Peer 1: 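Take a look at this one; I'll ask things after.
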Amino acid sequence: MEELIKFTLNGKPVEVTADGDRMLLWVLRVDLGLTGTKYGCGESYCGACTVLVDEKATHSCMTPLKMVQGKSVVTIEGLANNGEMHPLQRAFMENDALQCGYCTPGMILHAYELLKKHPNPTEGEIVNGMEQNLCRCGAHKRIIEAIQAAAQAMKGV
Amino acid sequence: MRQNSDLDLDFTDRLADIQFSRRSFLKVTGGGIIILFLLGDIPAWGQGRQPLPTDFNAFLHIAEDGRVSLYTGKIEMGQGVVTSLAQMLADELDVALDSVDMVMGDTDLCPWDMGTFGSMSTRSFGPPLRAAAAEGRLVLMEMAAAKLGKPADQLTVEGGVVYLKSDKSVKVSYAELAKGQKIARKASGKAPLKTPDQFKIMGTPVTRRDAREKVTGKAKYAADIQLPGMLYARILRPPSHASKRTSLDVSGARQIAGVEVIEDGDLVAVLHKYPDVAEKALTKIRATYDTPASDLNEKTIFDHLLKVAPQGNSVGRNGDIQKGKSEAAKTFEMTYLDGYRAHAPMEPHAAVANVEGNKARVWPSSQTPFPAKDEIARTLGIPPANVHITPPFVGGGFGGKSVNQQAVEAARLSKLCGKPVQVAWTREEEFFYDAFRPAAVVKINSGLDGEGRMLFWDYHVYWAGERGAQHFYTIPNSSTFAHGSGWGTQPGTHPFATGAWRAPGNNTNTFARESQIDIMASAAGVDPVEFRLKHLSNAKMQRVLKTAAEKFGWTPAAAPSGRGFGVACGTDAGTSVAAIAEVEVNKATGKATVKRVVCVQDMGLVINPQGATIQMEGCITMGLGYALAEDIHFMGGAVLDVNFGTYQIPRFSWLPKIETVIIDARNDAPQGGGEPAIITMGGVIANAIFDAVGARVMQMPLTADRVKEAMKKA
Ligand code: FES
Ligand code: FES
């Protein structure tokens with residue numbers, strides 16, 4: 001059923017008229033053209049489609065559009081602040097925490113939530129926090145290092 | 001794929017008809033200086049493929065603004081060649097790294113290329129690329145000498161500017177020299193290369209050149225490409241590779257507003273402007289199939305594979321096997337099994353195609369854009385010159401994206417509906433149509449003499465192929481046979497497609513060989529590192545093994561020592577590698593956890609040490625998956641794994657402490673780096689499990705159940 005869904009997307013209000021049962025992933029990618037959010041499995045197994053919904057890391061492939069009514073959604077395209085990259089983005093670059101880069105948007109957004117919960121994460125907290133995000137290239141070691149580096153950089157910010 | 005830092009992909013349809021005659025280059029590139037050169041791998045790989053350039057297949061261009069571009073049919077899929085190739089070019093030509101642009105894989109801009117796999121990019125591309133760049137430098141130096149009126153030997157270059165050594169104010173830039181020129185010249189191979197002590201950029205760690213696009217979400221992968229009026233297609237799939245369709249009713253799908261249904265022989269698809277609506281429409285199609293019964297599954301497959309295996313080819317032979325067998329004091333006859341593996345890149349196959357009249361424009365996730373072009377041309381019945389392929393970023397390949405089925409599907413559908421079409425496979429389709437790493441069997445009969453030295457080695461590999469089959473130990477009587485290919489599919493062999501999977505065949509071969517060596521070391525009561533060193537005459541392999549033992553802090557003990565330490569060696573793509581692992585086995589469940597991996601490799605000259613280290617880490621991490629968990633479940637041609645719920649790939653919690661060492665061998669030719677480290681992971685973990693609990697697991701993956709089973713027998 002078509003309905004009007006209003007939410008905040010990357011800091012700006014948006015209105016979408018669409019079937020509220022459609023998954024957020026496709027609405028973001030196709031209707032709104034934000035293709036940084038990736039499809040990897042469609043069934044909540046991989047984390048490639050992770051976005052922030054009210055600051056919470058959420059699998060957009062299993063989130064019906066109507067669930068974000070009135071909420072704030074942040075995708076990888078919206079993480080930079082006025083063109084200034086988020087410390088996590090910088091840390092992923094500087095630590096070479098990616099190879100093919102396909103898992104990277106989901107990794108960064110999930111790490112964002114992790115650092116909210118644990119500003120000073122132990123390695124164990126990072127591993128637990130990121131466990132549901134898959135990376136086939138095997139960038140895990142450097143992703144952990146990048147999250148640690150970002151945590152350092154974000155101190156006192 | 002034009003990959004300078006902030007440029008988005010360029011989707012304009014320029015230059016569509018450029019053919020690669022030498023004169024036409026300057027039309028592609030504008031004025032300046034062009035050096036054409038030949039990659040090493042054409043003669044062996046290009047045979048029978050038409051039409052091929054015979055005297056060059058890559059070129060570099062020094063533009064009138066001084067920027068330098070490398071045009072190559074290779075592609076970047078995460079392995080980092082976009083960085084390492086640029087480093088070589090910049091260093092030999094003496095320009096800044098950031099003044100180099102890479103134009104990769106575009107079939108209208110770049111010369112023909114077989115594809116990107118086999119750790120070949122740096123290895124076979126490196127020397128000719130460097131030679132071409134050195135030649136470019138030479139040409140520019142001569143031009144500078146003429147322009148400045150000074151002898152060339154009094155000049156030097158820095159950052160693309162030629163100076164008089166004695167007076168830096170006398171200078172001319174590459175840009176000024178290239179201005180107004182139209183020079184196209186074939187590399188003679190005579191220009192001297194820099195020696196390692198002269199390197200400024202090669203051998204220096206550099207972070208990825210494409211990272212910015214990837215961390216900001218700007219990087220466009222095939223499924224991210226949206227053209228005006230484009231439809232998303234979902235295709236009807238059979239339940240099994242052996243199924244034949246017996247009925248079809250698409251009326252349910254047609255009732256959904258905006259859905260187009262296309263039937264063209266075997267191809268039945270629904271298309272819509274939203275992919276999720278197309279998905280919904282697909283579920284409304286009713287189809288029935290005839291699927292012949294099959295008793296092949298992941299347990300019965302091995303007997304079948306032995307039954308259908310061909311005679312085989314001798315891969316290596318020395319001494320007299322029969323004599324060795326009759327003189328041996330102890331013999332060991334073992335059978336090793338290995339299941340099917342999926343490539344499972346995080347990005348499933350995707351492609352966008354726009355067919356207009358007899359012209360096709362395609363953006364596929366592909367490791368092989370040029371073969372894709374030929375296949376699409378053949379399918380559509382149009383000349384190959386009318387097919388223009390631009391590979392976008394590729395979200396992991398590992399061999400799986402050498403198959404371009406999705407690109408052909410997109411092109412067919414675009415032609416049929418007259419609109420641009422995107423085909424993006426679901427994870428289930430990705431598992432179903434993957435060209436799996438083949439299940440395989442290795443039978444080894446080997447023996448020791450009375451002194452505990454290896455006396456004979458009789459090795460037969462079935463369906464993993466030759467790569468890595470030949471051992472490198474000193475064994476007086478030895479024979480190695482490979483039965484059947486390790487990648488292509490001979491009909492009647494596998495119930496679905498098989499193909500090259502990162503270091504094809506070598507993972508299976510190295511698992512079997514290194515397990516067998518360990519069995520003999522243990523039977524001889526000798527420490528497994530010492531046992532290997534005693535049987536190694538190859539200095540390179542000795543050095544990597546000794547370095548690994550040192551770095552690990554290895555102390556000798558015969559296995560099983562209860563420590564959970566294992567070792568394995570291997571060679572791949574010209575590189576020698578040794579790994580030592582520490583494993584913890586839960587005695588109640590049999591579950592093995594890898595705590596620490598030390599991996600040492602000698603890969604000759606390393607262009608980007610940072611990139612090479614990352615590839616090793618990636619190999620070790622990915623290797624945990626095939627060693628411990630990944631296994632395709634199936635019933636005949638029906639693939640039962642449809643997503644990551646049952647097909648487990650490595651996760652953060654699996655990650656051991658990883659330590660890597662790259663031997664400094666800068667005076668040797670560069671060798672492959674994208675695959676070697678993965679080959680030892682099965683063997684090193686199997687050996688560490690044996691060392692921990694005395695249980696020898698003969699089948700990969702080394703699951704908890706199999707470890708437990710082996711513990712009962714131990
Ligand atoms: S695509 Fe949503 S979790 Fe994999
Ligand atoms: S970098 Fe390729 S999947 Fe993570």
Side-chain angles (χ1 to χ4, degrees), chain A residues 18-19 22-23 25-27 29-31 33-43 45-46 48 75-80 85-86 88-90 92-106 108 126-144, chain B residues 76-80 207-208 210-221 223-226 232 273-277 279 343-348 393-398 424 426-428 610-611 614-615 617-625 643-645 649-655 658:
Chain A
D19 178 346
R22 288 181 60 206
M23 293 304 161
L25 171 64
W26 305 116
V27 176
R29 287 179 54 82
V30 180
D31 304 34
L34 295 180
T35 55
T37 308
K38 304 299 184 207
Y39 166 90
C41 71
E43 294 178 17
Y45 286 119
C46 79
T75 69
I76 192 69
E77 291 92 343
L79 201 58
M85 276 202 278
H86 189 273
L88 271 164
Q89 291 173 306
R90 275 205 302 276
F92 268 63
M93 274 182 78
E94 285 159 10
N95 287 274
D96 265 320
L98 55 103
Q99 292 183 34
C100 78
Y102 198 78
C103 69
T104 309
I108 289 177
I126 295 176
V127 166
N128 280 339
M130 302 299 291
E131 185 69 352
Q132 300 310 317
N133 285 64
L134 300 179
C135 170
R136 187 54 159 169
C137 298
H140 303 71
K141 177 174 186 257
R142 283 170 197 265
I143 293 172
I144 294 174
Chain B
E76 168 67 46
M77 54 186 167
Q79 82 282 34
T207 51
R208 301 190 63 91
D210 53 7
R212 180 177 292 270
E213 290 102 312
K214 289 178 175 176
V215 300
T216 53
K218 285 210 182 82
K220 294 263 188 247
Y221 300 79
D224 301 337
I225 292 166
Q226 298 169 341
Y232 292 83
K273 66 177 176 161
Y274 297 138
D276 42 333
V277 177
E279 168 77 39
H343 294 89
M346 291 317 298
E347 177 207 25
F393 281 100
V394 175
F398 318 112
T426 62
R427 181 54 61 186
E428 183 170 356
Q610 173 88 342
I614 289 170
Q615 284 295 303
E617 292 165 2
C619 278
I620 292 164
T621 309
M622 186 177 180
L624 295 171
N643 215 318
F644 293 115
I649 65 170
R651 295 173 177 278
F652 280 93
S653 64
W654 301 21
L655 195 69
I658 296 176

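Each chain gets a letter, A, B and so on, in the order its sequence line appears, and its residues count up from 1. In this text the structure is predicted, and so the values were computed from the model without any measurement.
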Peer 1: Tell me, for A/Leu79 versus chain B, whether the close heavy atoms (under 4.5 Å) come from the side chain, the backbone, both or neither.
Peer 2: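 Neither part, no heavy atoms under 4.5 Å.
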Peer 1: Under a 4.5 Å cut-off applied to non-hydrogen side-chain atoms, are A/Gln89 and B/Arg212 in contact?
Peer 2: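 The answer is no; the side chains never approach within 4.5 Å.
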Peer 1: Would you say B/Lys214 and A/Met93 make side-chain contact, with heavy atoms under 4.5 Å?
Peer 2: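 No, side chains not in contact.
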Peer 1: Hey, which of A/Glu43, A/Met23, A/Arg29 has the most heavy atom pairs under 4.5 Å with chain B?
Peer 2: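 Winner by heavy-atom pair count: A/Arg29.
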Peer 1: Looking at B/Tyr274, is A/Arg22 sitting on its ring face, NZ or CZ under 6.0 Å from the six-membered ring centre and within 45 degrees of the normal?
Peer 2: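 Yes - A/Arg22 lies over the ring of B/Tyr274, closer than 6.0 Å to its centre and within 45° of its axis.
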Peer 1: Please rank B/Thr216, B/Thr621, B/Val215 by heavy-atom pairs under 4.5 Å with chain A and give me the top one.
Peer 2: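 Sorted descending by pairs with chain A, the first entry is B/Val215.
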Peer 1: Any side-chain heavy atom of A/Val30 within less than 4.5 Å of one from B/Lys273?
Peer 2: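 The answer is no; the side chains never approach within 4.5 Å.
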Peer 1: Between B/Arg427, B/Glu428, B/His343, which shows the greatest number of heavy-atom pairs under 4.5 Å with chain A?
Peer 2: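 Of the options given, most contacts go to B/Arg427.
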Peer 1: Are any of the side-chain heavy atoms of B/Pro348 and A/Tyr102 separated by less than 4.5 Å?
Peer 2: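 B/Pro348 vs A/Tyr102: side chains touch.
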Peer 1: How about CD on B/Gln610, more than 12 heavy atoms from neighbouring residues, nucleotides or ligands closer than 6.0 Å, or not?
Peer 2: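 Correct, the count exceeds 12.
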Peer 1: Just by distance, do the side chain of B/Asn643 and the backbone of A/Cys41 share a donor-acceptor pair under 3.5 Å?
Peer 2: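 Present.
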Peer 1: Please check this pair: side chain of A/Arg136 against backbone of B/Met346, looking for a donor-acceptor N/O pair closer than 3.5 Å.
Peer 2: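 Between the backbone of B/Met346 and the side chain of A/Arg136 there is no qualifying donor-acceptor contact (under 3.5 Å).
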Peer 1: In terms of heavy-atom pairs under 4.5 Å, which option from A/Ala48, A/Cys135, A/Cys100 contacts chain B the most?
Peer 2: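 Ranked by heavy-atom pairs under 4.5 Å with chain B, first place is A/Cys100.
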Peer 1: Side-chain contact, heavy-atom cut-off 4.5 Å: B/Pro275 with A/Tyr39?
Peer 2: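 The answer is no, as the side chains (C-beta and beyond) never meet within the 4.5 Å cut-off.
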Peer 1: Under the 3.5 angstrom rule, does the side chain of B/Glu347 hit a backbone N or O of A/Gly40 as a donor-acceptor pair?
Peer 2: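 Pair absent, no side-chain N/O of B/Glu347 close to backbone of A/Gly40.
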Peer 1: Give, for atom CZ of B/Phe644 and atom CG of A/Leu134, the distance between the pair rounded to the nearest 0.5 Å.
Peer 2: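 The CG atom of A/Leu134 is 6.0 Å from CZ of B/Phe644, to the nearest 0.5 Å.
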Peer 1: When rounded to the nearest 0.5 angstrom, what is the spacing between CZ in A/Phe92 and CZ in B/Arg208?
Peer 2: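 Output value for this atom pair is 13.5 Å.
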Peer 1: Between A/Glu94 and chain B, with a heavy-atom cut-off of 4.5 Å, which part of the residue counts as in contact: side chain, backbone, both or neither?
Peer 2: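 Backbone of A/Glu94 only, per the 4.5 Å heavy-atom cut-off to chain B.
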Peer 1: Where does B/Pro345 contact chain A at under 4.5 Å (heavy atoms): side chain, backbone, both or neither?
Peer 2: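 Just its backbone gets close to chain A.
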Peer 1: Report the distance from atom OG of B/Ser653 to atom NE2 of A/His140, rounding to the nearest 0.5 Å.
Peer 2: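 Here the rounded value is 9.0 Å.
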Peer 1: Under a 4.0 Å N-O cut-off, is there an ion pair linking A/Arg142 with B/Glu617?
Peer 2: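 So A/Arg142 pairs with B/Glu617 through a salt bridge.
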Peer 1: Which region of A/Asn128, side chain (C-beta onward) or backbone (N, CA, C, O), has a non-hydrogen atom less than 4.5 Å from a non-hydrogen atom of chain B, or is it both or neither?
Peer 2: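 For A/Asn128, no heavy atom lies under 4.5 Å from chain B.
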Peer 1: Does A/Glu77 reach the side chain of B/Lys218, with side-chain heavy atoms less than 4.5 Å apart?
Peer 2: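 SC-SC contact between A/Glu77 and B/Lys218 ruled out.
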Peer 1: So what's closer than 4.5 Å to chain A heavy atoms on B/Ala223: side chain, backbone, both or neither?
Peer 2: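 For B/Ala223, backbone and side chain are both near chain A.
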Peer 1: Using a 3.5 Å distance criterion without hydrogens, assess whether the side chain of B/Lys220 forms a donor-acceptor pair with backbone atoms of A/Thr35.
Peer 2: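 No, because the side chain of B/Lys220 does not come within donor-acceptor range (under 3.5 Å) of the backbone of A/Thr35.
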Peer 1: With B/Leu655 as reference, evaluate A/Val127, A/Ile144, A/Ile143 under the side-chain contact (heavy atoms from CB on, under 4.5 Å) test and give the passing residue.
Peer 2: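 Passing option: A/Ile144.
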Peer 1: Counting N and O atoms only, with roles assigned by atom type, does the side chain of B/Tyr221 sit under 3.5 Å from a partner on the main chain of A/Lys38, one being a donor and the other an acceptor?
Peer 2: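 Checking the backbone N and O of A/Lys38 against the side chain of B/Tyr221, no donor-acceptor pair under 3.5 Å is found.
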